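The structure appears right after this line, and notes come after that.
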Amino acid sequence: MLPEFNLLTPQTLAEALDMLAESAPDAVPLAGGTNLIVDLRDRRQCPAVLVNVAELAELRGIRQENGHVVMGGGTTIAEMLNDPLIAQHAPVLQDAARIFANPLVRHRATVAGNLVYGSPAANTPPPLLVLDAEVELASQAGVRRVPLDDFLVGVRETACRPAELLTAVRWPTPAQHSAAAFRKVGLRKSDAIAVLNVAVRVTQRADGVCEQTRIALGSVAPRVIRARAAEESLLGQPLTETAIAEAARLAAEATRCISDIRGSADYRRRVTEVLVRRLLTQVAGEVK
Amino acid sequence: MKYTAKPLPKVELPELRQVGKPLRRVDALGKTTGTTVYSGDFTMPNMLHAKVFRSREPSARIKRLDVSRARALPGVVCVLTAADLPDARLVTDMPGQTGQKRRAGSDAPVLASDVVRFAGEPIALIAAETLAVAEQALDLVEIEYEPLPGVFDPLAALQPGAPVVHEPDNVVARWKIRKGDVKAGFAVADVVVENTFRVPFIDHAYIEPESGVAWMDGQDVINIRVCTQVVEHFRSIARAVGVPHNKIHIQGTLLGGGFGGKEDITVEIFLALLAKHTRRPVRLEYTREESILAHSKRHPFIITHRTGVKRNGRITAAEIKMVSDSGAYLYLSPYVLLYATIAASGPYRVDHLKVDSVSAATNNPFTSAFRGFGAAQAAVAYEQQMDEIAKVLGLDPLEVRCVNYLKTGDRNATGQEIKSAVWLEEAATRALEALGEKTPAPSDAVKIGQGFASYLQSYGRITWFHDTSRAWVGLELDGSVVIRCGVPDLGAGQINSLCQIAAEVLGVGLDDVTIYSTDSALTPLAGTTTATRQLYMSGNAVFHAAGAVRESLLERASKHFEEPPDGLDLAEGRVFVKDDPEQSLPLSELAAMCAAGGLPLANLYLFKAPFTSTLDPEGLQGDVFPDFTFGAHAVEVAVDTETGEITLLKSVGCHDVGRAINPAAVVGQIQGGSAQGLGYALMEEVIVEEGIIRTPSLAEYLIPTAMDLPVTQAIILESGSGVGPFGAKGIGEPSLTPAAPAVANAVADALGVRIPDLPLTPDKVLAALDRAAGREAVGAAACETDDDGSEA
Ligand SMILES: Cc1cc2nc3c(=O)[nH]c(=O)nc-3n(C[C@H](O)[C@H](O)[C@H](O)COP(=O)(O)OP(=O)(O)OC[C@H]3O[C@@H](n4cnc5c(N)ncnc54)[C@H](O)[C@@H]3O)c2cc1C
């Protein structure tokens with residue numbers, strides 16, 4: 001059974017922030033509940049107050065703004081999957097959304113919940129990291145922006161403070177010559193916790209030389225990480241087979257894998273290399 | 001290799017009116033529209049809510065157990081511990097049947113008293129006014145354990161000096177088959193192939209966790225409304241609770257799946273005890289997590305095959321060793337092991353055979369029945385062994401099987417003559433033909449493989465259990481039909497088949513038949529819904545009961561029409577003269593005539609399986625089963641050799657079901673059963689470390705989703721040769737059995753190397769490829785033999 005709690009349903013963002021501030025740290029935001037309700041049922045968390053932010057208009061909507069895509073924190077995975085703006089500017093996010101949980105969960109689960117929960121196996125952080133996303137955090141004290149790479153801290157640990165709400169995720173509209181790809185390995189084809197997640201994004205000049213690279217790895221360290229040495233190894237280089245292989249090797253080196261019931265550390269390290277190689281090869285072909 | 005279907009022997013099956021038609025099942029509408037009431041849906045006024053306090057330790061002495069704080073919590077009505085139930089045991093022997101004596105002392109206590117033997121073992125029962133209070137009370141139970149050395153591996157459990165789970169030792173059961181002269185058989189072999197295969201613990205993962213409601217009535221009968229495969233557990237429940245048999249009344253419901261996991265008693269004794277102590281209705285429902293903790297698992301097995309073969313593939317001798325993990329309590333382990341032992345050599349003629357099997361007690365979760373009941377584990381081994389033999393000999397896997405397949409009139413492992421049709425080659429070639437050409441690989445890293453498996457699987461219970469089933473069939477005065485039969489319906493269509501059979505015999509439509517089922521007191525006892533026995537046993541009981549009613553109807557009609565009874569027939573709710581169908585009467589009028597004449601309009605029939613005696617344990621030679629089902633499953637897989645991921649591309653099941661009473665239901669069984677087998681091959685494993693389940697919920701214990709499975713093509717063959725009604729065989733368990741080894745063989749085909757342990761996880765795929773690259777033999781050793789049969 002669920003433990004008892006008070007459920008508050010604010011009508012506006014300001015009201016929600018007041019409610020959270022008033023009862024912090026005993027109050028916790030509730031969005032889709034697909035992490036939180038599971039935790040309550042298992043008694044991993046027993047907050048006295050839940051503030052239902054699922055209906056807040058301020059957290060919803062996907063729009064373009066000053067060369068950025070801005071996605072409300074309350075955007076569900078299903079909305080992401082069906083949004084034309086995302087399809088145009090961040091199809092890599094849809095690749096992650098497509099293998100996210102199952103249709104039922106996708107209709108409830110939000111991107112804010114996915115990020116704030118801080119699971120290293122979460123599906124949206126790798127694509128958002130390669131898009132150079134920032135998160136917008138609001139509290140009674142005001143709004144701050146934090147790069148996603150700084151926001152993610154450790155296993156179930158993020159820079160989100162008590163009484164703060166993740167209101168939006170934003171990233172620069174990717175350049176023309178940019179392509180990205182995502183791949184998840186799970187032990188089944190739907191509704192599986194990732195054994196590993198990999199996302200890459202590459203921006204190439206017309207002559208094929210690599211101007212910018214992003215490689216993000218999930219489920220291979222306490223948080224979703226960027227493989228910086230691997231990214232840097234490609235800068236100013238054409239994406240040759242050798243360069244890609246070296247980057248893939250460096251990416252695998254950046255991992256700090258553990259063995260668990262879903263896979264061995266060895267497996268994760270090794271397949272990280274395989275997927276980074278494959279995804280880089282795939283995007284190298286796509287940009288040209 | 002291209003395969004073409006072997007022509008079928010000619011069989012003339014009579015065209016029937018109801019049987020053989022894919023009619024809409026009698027249970028379909030309620031399930032589709034959500035009006036079916038399941039066990040978990042029942043509540044009663046003044047009802048209490050129960051919870052079970054369970055052990056966290058796999059092997060420990062209970063130093064102190066104090067429930068006083070739990071008892072004192074306002075709203076708690078009753079807390080029971082072993083101290084309140086002197087020596088109450090959960091005796092799980094085959095209910096209502098005779099035969100085999102079980103080993104004393106290893107039955108589970110209803111509640112643990114001084115020691116706990118597995119993590120999850122029940123220790124205390126709580127009944128409270130609300131579920132919240134009951135849960136709160138769980139936290140107030142105080143317990144101190146003194147950990148005891150445990151044993152968590154069946155091979156370790158059999159070593160001298162291992163911690164003993166139940167005195168005198170950890171051997172729960174042993175069986176052996178001695179047939180022919182194995183030494184002589186190996187002496188004439190050209191090659192000997194030896195391999196060891198392993199299968200894991202798996203969970204039934206039915207959609208409906210265990211639940212029930214119990215209450216005492218005005219006669220002090222304890223009524224238990226519960227989802228169970230076995231309403232006849234009422235006797236064991238009565239014994240555990242300390243009341244006469246006639247004071248326990250099981251009102252079974254339609255099940256949301258059983259698969260063997262509801263074959264043993266689950267919540268019934270807890271409910272009965274609490275209802276008796278509180279004299280109030282009590283409800284108990286397991287969460288998914290508790291269900292995984294509380295009910296049985298499929299036995300892990302370690303199976304070693306040593307097979308002597310001629311160059312053409314003919315098996316000259318086989319020596320098979322099997323070890324199963326029985327877990328902490330006996331349950332059905334000896335019988336599961338027996339099934340595995342008898343199925344060990346598969347659907348092949350092996351004249352010189354030696355099988356030695358043993359089941360070991362451990363401090364792991366207890367293991368018991370699971371669709372396929374040991375024979376499924378055996379098939380995983382024997383079918384992989386057949387492919388390995390083919391590989392060693394450089395022969396096609398089908399070819400090796402064809403030279404060894406049993407034929408009608410041959411004798412199986414126990415020397416039992418197979419009397420029904422054996423369409424093994426017919427099934428295998430059809431499944432392979434339907435599989436078609438290999439799909440082209442999308443990239444170099446991906447390898448495509450095809451594989452298949454044949455099997456034999458008994459249907460009906462071991463004949464020395466002296467199995468019976470009863471059914472009552474009656475005609476109402478308006479011509480509608482009533483069946484009363486204690487069959488539990490697990491969702492496989494058990495009740496529907498009975499209705500279709502009665503409709504056929506009595507010449508009415510399926511909608512004209514109503515069945516009352518699954519009640520230990522009000523419906524005639526029909527035995528368990530296990531062992532693929534209900535269509536065979538209760539189907540025959542209904543067939544004969546309806547037949548008796550038909551006979552008495554035709555006798556009366558014969559007077560009316562002045563025609564001999566065999567000149568009359570029943571169809572569409574009327575009796576008519578065959579040669580002149582215009583001469584007819586509605587059944588209502590005929591029923592009225594019978595009633596006016598005091599003639600019976602109903603019959604209670606007792607159907608008996610063949611009764612045999614137990615076999616000499618020194619060799620197990622003789623008859624054991626009523627009959628067998630044969631068939632094959634074939635699959636195609638794509639294996640990513642860099643990530644180890646396996647994708648199922650195609651799946652075909654082909655089975656001789658004797659006669660499909662409802663072909664749509666048979667397709668359902670073939671698709672559902674194979675889905676379970678495919679999951680067994682690819683992902684299902686209850687991971688147990690030092691006695692603790694590391695896959696405690698459906699987030700960790702993975703079963704296949706619709707995304708993981710291609711639609712299984714079901715090919716139904718009908719030899720009409722079964723011992724069930726209208727020549728039917730059984731398909732419930734057989735549908736699962738060949739699927740897992742088919743996948744293992746397809747993956748080995750794709751990779752050129754075999755992974756001998758299920759499930760075939762990505763990790764294991766990469767490890768196997770590594771070993772192969774190092775040119776290391778993987779669990780396989782093939783060697784040429786000298787003429788004397790010794791290994792070169
Ligand atoms: C069956 C199942 C399958 C799943 N499969 C996947 C999968 O494939 N991939 C994957 O990544 N995840 C998966 N998940 C996990 C979960 O669905 C996701 O993490 C989801 O995005 C969480 O979002 P939510 O809106 O449901 O968050 P909630 O459960 O409501 O909240 C999660 C956490 O975020 C906090 N929070 C929510 N909104 C805000 C906000 N606006 N500001 C600040 N804090 C906030 C909550 O307080 C809580 O701590 C699965 C879960 C289930 C039950």
Side-chain angles (χ1 to χ4, degrees), chain A residues 1-5 34-35 37-44 46 98-105 119 121 183-198 245 248 252 257 259-279 281-282 285, chain B residues 49 51 128 130-136 138-139 285 287-289 443-446 638 640-648 678-679 682-689 692-710 759-767 769-770:
Chain A
M1 271 183 88
L2 290 177
E4 278 188 26
F5 51 79
T34 59
N35 279 133
I37 299 290
V38 179
D39 275 8
L40 293 179
R41 188 175 163 277
D42 289 349
R43 310 271 169 114
R44 278 194 293 261
C46 292
R98 200 166 291 120
I99 47 72
F100 192 109
N102 58 51
L104 286 169
V105 170
S119 163
R183 177 78 148 73
K184 167 178 174 175
V185 173
L187 294 179
R188 67 180 170 195
K189 310 235 178 286
S190 166
D191 230 343
I193 298 174
V195 180
L196 68 147
N197 290 310
V198 177
C257 304
S259 295
D260 63 16
I261 55 162
R262 282 177 281 280
S264 65
D266 223 35
Y267 175 86
R268 289 189 159 100
R269 199 174 307 117
R270 181 167 170 179
V271 178
T272 299
E273 185 170 343
V274 170
L275 294 186
V276 170
R277 171 169 52 75
R278 284 191 186 173
L279 295 183
T281 310
Q282 179 189 328
Chain B
H49 298 263
K51 274 282 170 190
T130 68
L131 189 54
V133 171
E135 282 188 0
Q136 231 183 316
L138 276 183
D139 296 335
E285 180 177 34
T287 60
R288 174 64 61 184
E289 289 82 352
S443 74
D444 287 349
V446 174
D640 187 322
T641 55
E642 290 185 328
T643 66
E645 294 162 288
I646 301 172
T647 304
L648 283 167
L678 299 171
L682 291 178
M683 63 186 81
E684 294 196 33
E685 177 173 14
V686 178
I687 299 173
V688 183
E689 287 171 5
I692 304 295
I693 292 180
R694 299 295 178 199
T695 49
S697 80
L698 293 182
E700 300 84 17
Y701 185 80
L702 301 186
I703 57 173
T705 69
M707 302 288 286
D708 297 280
L709 301 172
L760 307 173
T761 59
D763 234 318
K764 287 187 200 165
V765 169
L766 294 193
L769 286 169
D770 283 352

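Side-chain atoms are counted along with the backbone in the values below, which use heavy atoms only and exclude waters and symmetry mates. Source: prediction; values computed, not measured. So you know, we letter chains A, B, ... as the sequences are listed, proteins then strands, and number each from 1.
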Donor-acceptor pair, B:Asp763 side chain versus A:Ser264 backbone, under 3.5 Å?
yes
Got a donor-acceptor contact below 3.5 angstrom from the A:Tyr267 side chain to the B:Ala767 backbone?
no
Shorter than 4.5 Å, heavy atoms on both sides: which option in B:Thr761, B:Thr647, B:Leu698 has the most such pairs with chain A?
B:Thr647
By side-chain contact (heavy atoms from CB on, under 4.5 Å), B:Ala445 pairs with (sequence neighbours left out) A:Arg278, B:Ser443, B:Asp640, B:Thr641, B:Glu642
Can you name the residues that form a salt bridge (Lys or Arg N to Asp or Glu O under 4.0 Å) with A:Arg41, not counting sequence neighbours?
B:Glu289
Side chain, backbone, both or neither: which part of [X] has a heavy atom under 4.5 Å from chain B?
X	result
A:Leu275	side chain
A:Val185	both
A:Ile261	both
A:Arg270	side chain
A:Asp266	neither

Which of these, A:Lys184, A:Arg183, A:Arg188, sits in a salt bridge (Lys or Arg N to Asp or Glu O under 4.0 Å) with B:Glu645?
A:Arg183
Rounded to the nearest 0.5 Å, how far does OG of A:Ser190 lie from CG of B:Leu702?
10.5 Å
Rounded to the nearest 0.5 Å, the CE atom of B:Met707 sits from the CG atom of A:Asn102 at a distance of 10.5 Å
Under a 4.5 Å cut-off applied to non-hydrogen side-chain atoms, are B:Pro762 and A:Leu187 in contact?
yes
Checking A:Arg43 against B:Glu135 for the side-chain contact (heavy atoms from CB on, under 4.5 Å) test, could you report, in this order, the C-alpha distance in whole Å, the side-chain angles of both residues, the deciding distance, and whether it holds?
CA-CA 12 Å; A:Arg43 310 271 169 114; B:Glu135 282 188 0; 3.2 Å; yes
